[in-house]
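The sequence lines fix the lettering, A, B, ..., with proteins before strands; numbering per chain opens at 1. For clarity, every value in this text was computed on a predicted model and none was experimentally measured.
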2 protein chains.
Amino acid sequence: MIHTLSEENYLKCIYRLYLDKVRKITPTAIADMLGNNPASVVDMIRKLSDKTLITYDKKKGVELTVIGLKDAALIVRRHRLWEVFLLEKLGYDWDEIHDIAEELEHIKDSTLADRLDKFLGFPEYDPHGDPIPQANGKMAKPYSLTLAELKPSTICRVAAVRDTNSDFLQYLLKLDIGIGTPIKLVEIITFDNSLVISINGKENTTVSQKFGQNILVDDSFSEDA
Amino acid sequence: MIHTLSEENYLKCIYRLYLDKVRKITPTAIADMLGNNPASVVDMIRKLSDKTLITYDKKKGVELTVIGLKDAALIVRRHRLWEVFLLEKLGYDWDEIHDIAEELEHIKDSTLADRLDKFLGFPEYDPHGDPIPQANGKMAKPYSLTLAELKPSTICRVAAVRDTNSDFLQYLLKLDIGIGTPIKLVEIITFDNSLVISINGKENTTVSQKFGQNILVDDSFSEDA
DNA sequence: AAATAAAATTAGCCAAGACTAATTTTATTT
DNA sequence: AAATAAAATTAGTCTTGGCTAATTTTATTT
Ligand SMILES: [Mn+2]
Ligand SMILES: [Mn+2]
Ligand SMILES: [Mn+2]
Ligand SMILES: [Mn+2]
């Protein structure tokens with residue numbers, strides 16, 4: 001079964017809410033995420049239900065069916081593989097790739113994703129640190145611990161970024177923060193929860209709580225001692 | 001100015017007719033090529049005229065403006081660059097790439113084509129032997145001499161294929177004919193203009209006139225003696 | 001429990017891009 | 001020159017995927 005571009009974007013949005021463990025996926029939640037009108041969302045919920053990609057129940061909200069879950073994962077797979085391609089092969093910066101991948105993910109061909117995967121050397125993570133779903137739709141657990149949740153004096157590595165907004169990514173480039181960069185959380189300013197951090201051993205910098213909530217970290221070092 | 005997917009497909013179609021030196025590009029000619037209804041074509045002619053990509057005059061038919069010509073060439077540029085990518089990097093066969101490139105050519109990003117061009121090593125021809133337009137919209141003259149037009153006993157090389165239909169390309173694969181393959185035209189059967197040819201020095205084979213009209217050849221050997 | 005607010009749904013409208021059927025214009029034959 | 005055929009155009013319809021405005025349903029407050 002093939003899907004239209006719009007159907008795929010809705011499906012991906014529902015998948016994201018599902019992964020974020022939103023207890024009840026409502027028309028308004030979807031509308032907010034896509035910037036669409038709730039009335040339009042209700043229409044699409046009907047279409048996706050008819051295609052048995054989702055179920056909808058006033059009590060339970062929207063839920064993905066087994067087919068819907070797999071199809072959504074495969075769209076995300078294509079998105080993230082194309083992001084790797086754009087960054088590694090075509091030399092784009094990490095703040096430029098998301099919007100292009102947003103179009104490339106909809107290219108229809110049964111073997112394209114797998115060929116791209118092979119060509120790229122079977123990458124496990126995309127340039128933003130997000131895990132790439134496999135051909136069977138299975139995906140590794142995304143990172144979930146944020147910099148803002150750490151205790152002071154903790155040392156960690158940047159594992160992924162939550163936001164792929166271009167402004168945020170460019171800010172990170174300026175701060176010299178990328179995937180893998182070691183960061184030490186020096187202090188939390190109790191007044192506004194600002195974070196004093198040391199990036200890669202350099203002098204201290206202060207960033208906002210919002211900033212810290214968008215950096216996903218790995219605080220378990222097996223390789224780095 | 002950005003164009004919709006449909007606008008781009010119409011523009012490309014008109015560009016093709018222009019390159020084929022069709023004396024007067026009419027709504028029916030466009031409709032036939034795209035498999036659309038002439039009424040739909042008339043609608044789109046209005047849209048493309050409003051965007052000053054073409055002019056339309058009952059006497060002269062459709063003509064590309066300078067902008068329309070360049071934009072059309074850039075769509076073809078993207079199509080052909082993606083075809084090279086799919087064949088050389090992802091390992092597709094030459095009969096599989098056209099339809100996928102038909103979608104990829106519409107991806108919108110100002111630097112994508114040039115980056116892809118560089119990544120592929122600035123190829124001059126696509127896998128079907130068609131010249132790839134440059135970033136400025138200029139393109140080398142396509143090959144135009146067909147196998148069916150040669151005199152018997154002529155030896156040539158396959159330079160390009162006119163048709164990118166999958167059946168035709170698979171037939172060529174089976175006959176072991178690709179771009180660059182040497183072919184000798186042994187004899188023309190006067191009854192139905194069938195062609196007796198020798199592929200790469202092998203024993204004679206007979207092919208139809210239609211077949212010969214879809215093989216573009218180079219009969220001037222500078223490198224091959 | 002009533003009142004109020006928020007969310008969901010319905011109804012109706014719009015644009016793009018396709019179609020068919022009918023009509024008008026242009027070209028070809030006789 | 002008429003008759004006929006072909007091509008172009010117009011008018012009206014359909015589907016997809018948006019929208020707004022109005023209504024109904026569900027949740028929260030008071
Ligand atoms: Mn998308
Ligand atoms: Mn990403
Ligand atoms: Mn196309
Ligand atoms: Mn080609």
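- Side chains of E8(A) and H3(A): a donor-acceptor N/O pair is absent below 3.5 angstrom, by distance only.
- By the 30° and 60° cut-offs, the orientation of the rings of H79(A) relative to H98(A) is tilted.
- Between E105(A) and the choices R80(A), R78(A), K12(A), R77(A), the side chain to side chain donor-acceptor pair (under 3.5 Å) rule is met once, by K12(A).
- Of the N and O atoms on the side chains of D109(A) and T111(A), at least one donor lies less than 3.5 Å from an acceptor on the other residue.
- Atom CG of N9(B) is separated from atom P of dA16(C) by 17 Å (rounded to the nearest Å).
- In this structure, H3(B) places its NE2 atom 16 Å from C1' of dA16(C), rounding to the nearest Å.
- Atom CG of D99(A) is separated from atom CG of L104(A) by 11.5 Å, given to the nearest 0.5 angstrom.
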statement: B/S/- along nucleotides 12-21 of chain D (protein heavy atoms under 4.0 Å) is -----BSBB-
message: Would V66(A) and L69(A) count as a side-chain contact (heavy atoms from CB on, under 4.5 Å) here? Give the steps.
response: CA-CA 5 Å; V66(A) 175; L69(A) 182 68; 5.8 Å; no
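- Proximity of residues 12-28 of chain A to DNA chain D (heavy atom under 4.0 angstrom from any strand atom) is not detected for any residue.
- A distance-only check finds no donor-acceptor pair linking the side chain of K118(A) to the backbone of L90(B) [under 3.5 Å].
- In terms of modelled atom types and a separation under 3.5 Å, the side chain of N214(B) and the main chain of K210(B) share a donor-acceptor contact.
- One can place NZ of K60(A) at 23 Å from P of dA7(C), the figure rounded to the nearest angstrom.
- Between the NZ atom of K59(A) and the P atom of dA8(C) there is a distance of 13 Å, given to the nearest Å.
- Side-chain contact check for Y143(B) and D130(B): no donor-acceptor pair (N or O, by modelled atom type) lies under 3.5 Å.
- In this structure, the NE2 atom of H106(B) is 12 Å from the P atom of dG17(C), given to the nearest Å.
- Look at R46(A) and you won't find any side-chain N or O under 4.0 angstrom from OP1 or OP2 of dA8(C).
- For the pair K51(B) NZ and dA16(C) C1', the computed distance is 12 Å after rounding to whole Å.
- Using a cut-off of 4.0 Å between Lys/Arg side-chain N and Asp/Glu carboxylate O, K47(B) and E7(B) are scored as not salt-bridged.
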message: Dot-bracket, 5' to 3', for DNA chain C please: Watson-Crick or G-U pairs under 3.5 Å, [ ] where pairs cross earlier ones, | where the partner sits on another strand, dots elsewhere.
response: ||||||||||||||||||||||||||||||
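- Here dT24(D) presents its P atom at 14 Å from NZ of K58(A), a figure rounded to the nearest Å.
- Note on ring orientation: taking the six-membered ring where Trp is involved, the planes of F85(A) and F119(A) are tilted (angle from 30° to 60°).
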